[in-house]
> 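Have a look at this one before I ask anything.
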Amino acid sequence: MPGFEIFDESEKQQINEVMEKGFTFRYNFDGMRNDVWKARELESLICETLNVKHAHLVSSGTAALSTALAAAGIGAGDEVIVPPFTFVASVEAIVLAGAIPVFAEIDETLTLSPEGIEAVISPRTKAVNFVHMCGAMGKMDEVKAVCDKHGLVLMEDACQATGGTYKGQALGTLGQVGTFSFDSVKTISCGEGGAVLTNDESIYNHAHMYSDHGHDHIGSDRGAESHPIMGTNYRISEMNAAVGVAQWKKLDRILEIQRRNKKALKDALAQYPEVSFREIPDESGDNAGFLSFFLPDEERAKEVVSALAAEKVPAVFYWYANNWHYFKNWTHIQHMKGAAKLPIELVADRPDYTQVKTPKSDAIMSRTLSMLIQLSWTEEDIQQRIDAFANVFKK
Ligand SMILES: *Cc1c(COP(=O)(O)O)cnc(C)c1O
């Protein structure tokens with residue numbers, strides 16, 4: 001998955017252009033920047049490649065989630081449905097928006113299931129934060145149908161799925177609003193960075209205003225701009241955007257390498273009857289950043305994790321026991337521990353998160369392993385993994 005693996009002269013050249021000709025701030029300073037606009041350039045590259053009307057860059061994927069929630073009108077007291085298998089940011093952003101996360105079940109796509117979503121809808125439900133975990137999508141037609149039927153905003157956390165598609169349409173652009181992360185370990189890296197994607201004019205306007213203290217960005221005099229709303233500072237710097245410009249131009253190459261490397265491992269694993277694979281409703285749209293597979297049960301999954309470690313196969317993730325991607329292990333979230341009193345504490349009938357149960361998700365995650373697919377692998381690196389499989393899996 002990580003774009004940093006193929007950093008080269010092109011990223012350096014882009015940064016140097018900012019330092020030598022341009023300016024570090026993404027807005028205004030027209031007299032100083034010699035027409036160097038890296039954030040704008042990356043935004044238009046994203047729109048062109050993904051066929052989406054608007055992309056707005058921010059300082060991180062987490063900032064993109066907060067911005068997307070605010071821009072889509074989701075705030076105090078609104079319920080937002082989330083999966084228990086995700087990165088904590090998808091939940092934190094909801095809590096810090098003053099909204100209420102509601103956990104729903106996933107299925108073997110490793111993403112929210114349509115029936116899981118439907119089962120937890122209440123009169124307060126406003127949105128679904130659909131997370132395209134590990135580079136691929138879920139049952140998007142059915143998920144969209146549930147959202148439409150109940151008038152919910154479909155927000156896509158596509159932070160791990162840049163470049164993925166569903167039936168030809170980019171992940172992150174299927175719902176009303178989507179988000180990308182360009183942090184240090186993502187498919188495309190800006191060092192730190194993120195993006196909000198939308199085809200909705202009003203969501204876009206709220207997104208760029210919210211992430212820059214409510215500035216309307218009309219005209220070329222920042223001091224004379226009006227502020228229709230309050231906001232914050234989630235701006236990306238021109239240096240970070242510059243890295244992203246170089247990286248974005250490598251997206252096709254990244255996807256091609258990932259898909260080739262993943263296929264080699266998947267073909268090798270497919271011969272072991274005890275292994276089955278994550279369901280991917282549109283295989284051709286998988287960003288292929290991870291290979292996720294199932295063992296028959298939890299006990300065997302744990303055995304295989306240890307056996308692969310003994311064979312020195314790196315970057316094998318058993319999410320069920322890891323404390324940053326699965327709800328079961330997030331005691332700080334179960335106890336809603338913030339730095340200070342949280343808005344959700346004012347909601348008298350809020351869920352008791354220590355009592356949240358997702359047995360279907362537990363049954364799936366307890367036997368799920370994922371391998372990170374890397375860009376820098378040599379033929380020998382791939383063969384070493386395939387040889388290790390032969391020692392670990394049952395024929
Ligand atoms: C990485 C990630 C984020 C947060 O992105 P940052 O840029 O690190 O803030 C959010 N959601 C998911 C699913 C992620 O993987």
Side-chain angles (χ1 to χ4, degrees), residues 1-4 39 42 46 55-70 80-97 99 101 103-104 106 109-112 127-138 154-164 170-172 174-175 177-197 207 211 232-237 239-241 243-244 247-248 258 278 286-290 292 315 317 319 322-327 329-330 333 361 365 368 370 372-373:
M1 174 159 91
F4 77 80
L42 180 52
I46 294 172
H56 179 67
L57 290 176
V58 288
S59 51
S60 71
T62 306
L65 288 166
S66 293
T67 302
L69 285 162
V80 182
I81 296 171
V82 278
F85 176 45
T86 182
F87 176 57
V88 283
S90 2
V91 181
E92 289 167 332
I94 295 166
V95 175
L96 296 174
F103 290 90
I106 61 167
T109 66
L110 302 186
T111 66
L112 283 170
V128 174
N129 184 13
F130 191 93
V131 187
H132 299 290
M133 272 309 268
C134 302
M137 79 300 299
L154 173 56
M155 167 170 159
E156 297 168 82
D157 178 339
C159 288
Q160 296 190 4
T162 301
L171 301 183
L174 307 171
V177 63
T179 57
F180 284 157
S181 164
F182 303 132
D183 79 20
S184 294
V185 296
K186 294 298 191 333
T187 307
I188 294 289
S189 176
C190 289
E192 296 280 7
V196 177
L197 313 169
S211 59
T232 184
N233 172 12
Y234 288 148
R235 290 184 308 262
I236 193 165
S237 82
M239 284 87 81
N240 290 99
V243 175
Q247 285 264 293
W248 193 267
Q258 286 182 170
R278 169 189 182 168
D286 179 10
N287 119 334
F290 289 89
S292 300
F317 301 111
W319 310 110
N322 118 353
N323 67 17
W324 29 294
H325 283 95
Y326 197 60
F327 178 80
N329 310 312
W330 296 337
I333 289 179
S361 307
M365 293 311 298
T368 302
S370 298
L372 181 69
I373 303 297

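First listed ligand is number 1; within each ligand, the first listed atom is number 1.
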> One pair per line, please: each N/O atom of ligand 1 matched with every protein N/O atom under 3.5 Å away, atom names first, then the distance to 0.1 Å.
{"from": "ligand 1", "atom 1": "5 (O)", "to": "S181", "atom 2": "OG", "distance (Å)": "3.2"}
{"from": "ligand 1", "atom 1": "7 (O)", "to": "G61", "atom 2": "N", "distance (Å)": "2.7"}
{"from": "ligand 1", "atom 1": "7 (O)", "to": "S181", "atom 2": "OG", "distance (Å)": "2.7"}
{"from": "ligand 1", "atom 1": "8 (O)", "to": "D183", "atom 2": "OD2", "distance (Å)": "2.6"}
{"from": "ligand 1", "atom 1": "9 (O)", "to": "G61", "atom 2": "N", "distance (Å)": "3.4"}
{"from": "ligand 1", "atom 1": "9 (O)", "to": "T62", "atom 2": "N", "distance (Å)": "2.9"}
{"from": "ligand 1", "atom 1": "9 (O)", "to": "T62", "atom 2": "OG1", "distance (Å)": "2.5"}
{"from": "ligand 1", "atom 1": "11 (N)", "to": "D157", "atom 2": "OD1", "distance (Å)": "3.4"}
{"from": "ligand 1", "atom 1": "11 (N)", "to": "D157", "atom 2": "OD2", "distance (Å)": "2.8"}
{"from": "ligand 1", "atom 1": "15 (O)", "to": "Q160", "atom 2": "NE2", "distance (Å)": "2.9"}
{"from": "ligand 1", "atom 1": "15 (O)", "to": "K186", "atom 2": "NZ", "distance (Å)": "3.2"}

> Looking at N329 and N322, what are the two nearest heavy atoms and their distance?
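Heavy-atom minimum between the residues: ND2-O, 2.9 Å.
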> What's the spacing between N240 CG and D183 CG if we round to 0.5 Å?
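Atom-to-atom, N240:CG and D183:CG are 11.5 Å apart.
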> Can you sort out the partners of N129 under side-chain hydrogen bond (donor to acceptor under 3.5 Å, both in side chains), two or more places apart, ordered by chain and number?
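Partners of N129 under the side-chain hydrogen bond (donor to acceptor under 3.5 Å, both in side chains) test: none.
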> With distance as the sole test, does N287 use its side chain to make a donor-acceptor pair with the main-chain N or O of T162 at under 3.5 Å?
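Yes: the side chain of N287 pairs with the backbone of T162.
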> Once side-chain hydrogen bond (donor to acceptor under 3.5 Å, both in side chains) is applied, do any residues pair with S361, and if so which ones, sequence neighbours excluded?
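For S361, the residues satisfying side-chain hydrogen bond (donor to acceptor under 3.5 Å, both in side chains) (neighbours in sequence not counted) are E105.
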> Go through the structure and list residues passing salt bridge (charged side-chain N to carboxylate O under 4.0 Å, His left out) with R278, not counting sequence neighbours.
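With sequence neighbours excluded, R278 shows a salt bridge (charged side-chain N to carboxylate O under 4.0 Å, His left out) to no residue whatsoever.
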